[in-house]
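Here is the structure we will look at.
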Amino acid sequence: MKAIQLVKYGKADRAFRITELPVPEPGEGEVLIKVSSFGLNFADVMSRLGLYREAPKTPFVPGYEVVGTVEKSNVASLKEGERVVAFTRFGGYAQYVTAPELAVVPLPERVSGAAGTALATQYCTAWHAAIDMANIREGELVLIHAAAGGVGIALTQIAHMRGATVAGTAGSEEKIRFLKDSNVEYAVNYREKDFVEELPRLTGGRLPDVIFDPVGGKNFSRSRKILAVGGRIVTYGASDQLNHLKNPLAPLKLLFGFGFLHPVGLIMNSKGVLGVNMLKIADHKPEILQKAMQQVVRLAAEGKLIPVVGKEYPATEIAAAHAFLESRKSIGKIVMNWE
Ligand SMILES: NC(=O)c1ccc[n+]([C@@H]2O[C@H](COP(=O)([O-])OP(=O)(O)OC[C@H]3O[C@@H](n4cnc5c(N)ncnc54)[C@H](OP(=O)(O)O)[C@@H]3O)[C@@H](O)[C@H]2O)c1
């Protein structure tokens with residue numbers, strides 16, 4: 001089978017090798033999937049830059065999700081030939097991949113393969129963060145950073161579904177237009193306006209009850225400043241690292257940027273700080289991942305969640321697709337298709 005290995009950290013055009021590898025054998029409790037599409041995630045860019053601690057050593061096949069058909073099944077609940085979406089703990093950039101039963105969900109024909117790739121990682125992350133962790137309630141004000149990205153769009157749709165009002169940040173006017181078209185009530189271009197001042201100005205002083213932050217560092221500590229009493233902030237990424245790539249003190253800058261918090265401060269203001277790491281959830285609580293996947297696939301099939309596919313590429317154009325995601329210009333999901 002063809003597979004795409006990450007062989008060298010750094011720029012996308014020199015990082016990958018398309019190679020032949022043996023088709024893997026599914027173990028007990030696993031299925032083998034013939035992959036038609038796989039998705040890109042920002043964590044793939046972080047891995048390529050050598051910034052993702054949980055990635056295997058090079059060379060390895062990245063990839064967190066695939067859509068395809070079950071080729072071999074060692075589990076009773078999934079049949080050969082069934083169309084599925086799967087969360088893969090690496091290995092997704094390949095024509096075949098194995099996955100454990102709890103990370104595979106049948107994908108109804110009504111959901112396109114491209115849309116399906118968004119459901120496994122980005123929508124499950126958003127679901128777990130918004131529903132299991134933050135428990136967004138009707139009428140709350142929810143601030144979503146990187147709101148035009150894959151997870152950001154998923155969070156926006158889930159927050160709207162819960163009857164919340166959504167505020168979002170993004171880094172270009174094109175994305176701000178997209179957010180307004182997506183019924184995001186308050187959209188802030190953080191390159192032009194400081195969201196800490198701009199959001200309360202736009203809302204007439206109302207502060208967010210829930211904040212989702214994938215940027216980390218100072219963005220997290222500054223977000224905390226505007227969290228309402230009774231609020232929850234979910235931290236689930238550290239893309240801020242990319243702002244300091246050439247600085248040898250970058251890890252310290254990121255760490256100190258997050259700031260320090262004491263539980264007494266959380267008690268005094270009745271606030272919660274929550275962390276999300278879907279790889280850890282997949283490893284230690286796979287039933288949470290399965291439930292999230294079942295919910296988002298069902299809601300997508302019912303047309304209640306509608307993944308936005310930003311761009312599709314042939315799998316062989318992996319370098320171009322990675323460079324596009326890294327450029328911070330992408331809106332929604334980047335999807336790769338095998339011919
Ligand atoms: N913890 C988990 O389990 C988990 C799971 C999935 C994703 N994530 C995290 O969620 C985030 C979004 O992932 P995604 O796959 O949906 O990607 P994405 O949002 O589609 O693309 C990344 C976006 O992040 C913003 N960004 C990139 N670098 C930035 C920087 N240095 N400072 C500020 N903003 C920056 C850019 O948008 P703007 O500049 O326009 O805002 C960019 O378009 C990533 O940080 C990813 O690591 C975490």
Side-chain angles (χ1 to χ4, degrees), residues 38-49 51-55 62-65 87 89 92 117-130 132-133 143-157 167-179 184 187-192 195 212-220 222-223 234-245 247 250 253-254 257 274-285 288-289 292 296 307-311 321-335:
F38 61 88
L40 297 196
N41 288 280
F42 204 69
D44 296 340
V45 173
M46 306 286 263
S47 291
R48 171 167 58 72
L49 296 172
L51 297 172
Y52 199 78
R53 279 181 26 202
E54 285 170 278
Y64 294 109
E65 73 242 337
F87 180 88
R89 207 190 186 297
T117 61
L119 297 174
T121 312
Q122 292 172 336
Y123 273 75
C124 280
T125 304
W127 186 268
H128 180 55
D132 301 333
M133 301 295 277
L143 169 61
I144 299 167
H145 290 296
V151 178
I153 291 171
L155 284 169
T156 300
Q157 293 180 2
T169 67
S172 73
E173 278 312 302
E174 187 196 353
K175 290 184 179 183
I176 295 300
R177 276 196 299 280
F178 169 82
L179 295 185
V184 168
V188 180
N189 181 342
Y190 66 81
R191 289 183 200 273
E192 293 186 348
F195 69 87
F212 295 98
D213 177 35
V215 180
K218 276 204 157 146
N219 199 69
F220 174 81
R222 301 191 75 248
S223 296
V234 184
T235 170
Y236 66 100
S239 53
D240 181 57
Q241 289 176 90
L242 271 73
N243 296 334
H244 317 288
L245 281 180
N247 183 347
K253 223 176 149 66
L254 179 78
L274 304 156
V276 164
N277 178 344
M278 290 313 279
L279 282 187
K280 281 283 181 326
I281 292 293
D283 285 349
H284 298 274
K285 299 275 164 71
I288 291 180
L289 175 69
V296 298
V308 173
V309 176
K311 213 161 176 177
H322 252 250
F324 182 52
L325 183 54
E326 187 179 1
S327 75
R328 297 164 69 165
K329 292 191 179 129
S330 64
I331 292 177
K333 188 71 184 167
I334 310 288
V335 182

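Atoms within a ligand are numbered from 1 in the order they appear, just like the ligands themselves.
- By the neighbour-count criterion of 12 heavy atoms within 6.0 Å, atom CD of Glu174 is sparsely surrounded, having that number or fewer from other residues, nucleotides or ligands.
- Among Val276, Asn277, Leu289, the one residue that satisfies the side chain to side chain contact (heavy atoms under 4.5 Å, CB included) test with His128 is Val276.
- Residue contact check: Val215 has heavy atoms under 4.0 Å from atoms 32 (N), 33 (C), 34 (N) of ligand 1.
- Near Asn243, the atoms of ligand 1 lying under 4.0 angstrom from a non-hydrogen atom of the residue are 30 (C), 31 (N), 32 (N).
- Two residues are said to be in side-chain contact when any heavy atoms from C-beta on lie closer than 4.5 Å; Ile331 and Ile153 meet this criterion.
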Could you go through Met278 and Thr121, starting from their C-alpha distance and side-chain angles, then the distance that decides it, and tell me whether this counts as side-chain contact (heavy atoms from CB on, under 4.5 Å)?
CA-CA 8 Å; Met278 290 313 279; Thr121 312; 5.6 Å; no
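- In Val151, the parts holding a heavy atom less than 4.0 Å from any atom of ligand 1 are both the side chain and the backbone.
- Here the heavy atom of the protein found nearest to atom 47 (O) of ligand 1 is Ala43 N, 4.2 Å.
- Residue Ala170 approaches ligand 1 through these ligand atoms, each under 4.0 Å from one of its heavy atoms: 40 (O), 41 (O).
- Contacts of Phe87 classified as ring pair (Phe, Tyr, Trp, His ring centres under 6.0 Å), with partners at least two apart in sequence or in another chain: none.
- Of the N or O atoms in Leu242, none lie within a sub-3.5 Å distance of an N or O in ligand 1.
- The shortest N or O to N or O distance between Val276 and ligand 1 is below 3.5 Å.
- Taking a cut-off of under 4.0 Å to the non-hydrogen atoms of Ala146, the atoms of ligand 1 that pass are 24 (O), 41 (O).
- In terms of polar-atom proximity, Leu279 is not counted as a contact of ligand 1, lacking any N or O under 3.5 Å from an N or O of the ligand.
- Counting heavy atoms closer than 4.0 Å to ligand 1, residue Met278 contributes atoms from both its backbone and its side chain.
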Would Leu242 and Arg328 count as a side-chain contact (heavy atoms from CB on, under 4.5 Å) if you check the C-alpha gap in whole Å, the side-chain angles of each, and the deciding distance to 0.1 Å?
CA-CA 11 Å; Leu242 271 73; Arg328 297 164 69 165; 5.6 Å; no
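- A distance of 9.5 Å separates OH of Tyr123 from CG of Leu155, quoted to the nearest 0.5 Å.
- Here's the thing with Gln122: one of its N/O atoms is less than 3.5 angstrom from an N/O atom of ligand 1.
- Inter-residue side-chain proximity for Tyr190 and Val215 is flagged as unmet; no heavy-atom pair is nearer than 4.5 Å.
- Of all atoms in ligand 1, listed by their number and element, those nearer than 4.0 Å to a heavy atom of Thr125 are 4 (C), 5 (C), 6 (C).
- In terms of polar-atom proximity, Arg191 is not counted as a contact of ligand 1, lacking any N or O under 3.5 Å from an N or O of the ligand.
- Using a 4.0 Å cut-off between a side-chain N of Lys or Arg and a carboxylate O of Asp or Glu, Lys218 and Asp240 do not qualify as a salt bridge.
- By the 4.0 Å heavy-atom criterion, Tyr190 is counted among the residues contacting ligand 1.
- One option in Arg328, Glu174, His145, Lys175 has a heavy atom closer to atom 37 (O) of ligand 1 than any other, and that option is Lys175.
- Those atoms of ligand 1 with a heavy atom of Gly149 less than 4.0 angstrom away are 18 (P), 19 (O), 20 (O).
- Between the CD atom of Gln122 and the NZ atom of Lys333 there is a distance of 3.5 Å, given to the nearest 0.5 Å.
- Of the protein's non-hydrogen atoms, the one nearest atom 9 (C) of ligand 1 is Tyr236 O, 3.7 Å.
- When the options Tyr64, Phe42, Phe324 are ranked by their closest heavy atom to atom 21 (O) of ligand 1, first place goes to Phe42.
- In terms of N/O distances under 3.5 Å, ligand 1 is not approached by Gly152.
- Set against the non-hydrogen atoms of Pro214, the atoms of ligand 1 under 4.0 Å away are 10 (O), 11 (C), 45 (O).
- Note: Glu326 CD to Asp44 CG = 12.0 Å, rounded to the nearest 0.5 Å.
- Of all protein heavy atoms, the one lying nearest to atom 20 (O) of ligand 1 is Gly150 N, 2.9 Å.
- The two residues His145 and Tyr236 make their nearest non-hydrogen contact at O-OH, 4.4 Å.
- Close contacts of ligand 1 with Asn277, meaning ligand atoms under 4.0 Å from a residue heavy atom, involve 1 (N), 3 (O).
- Looking at heavy atoms from C-beta onward, Val309 lies out of side-chain contact with Thr117 at the 4.5 angstrom threshold.
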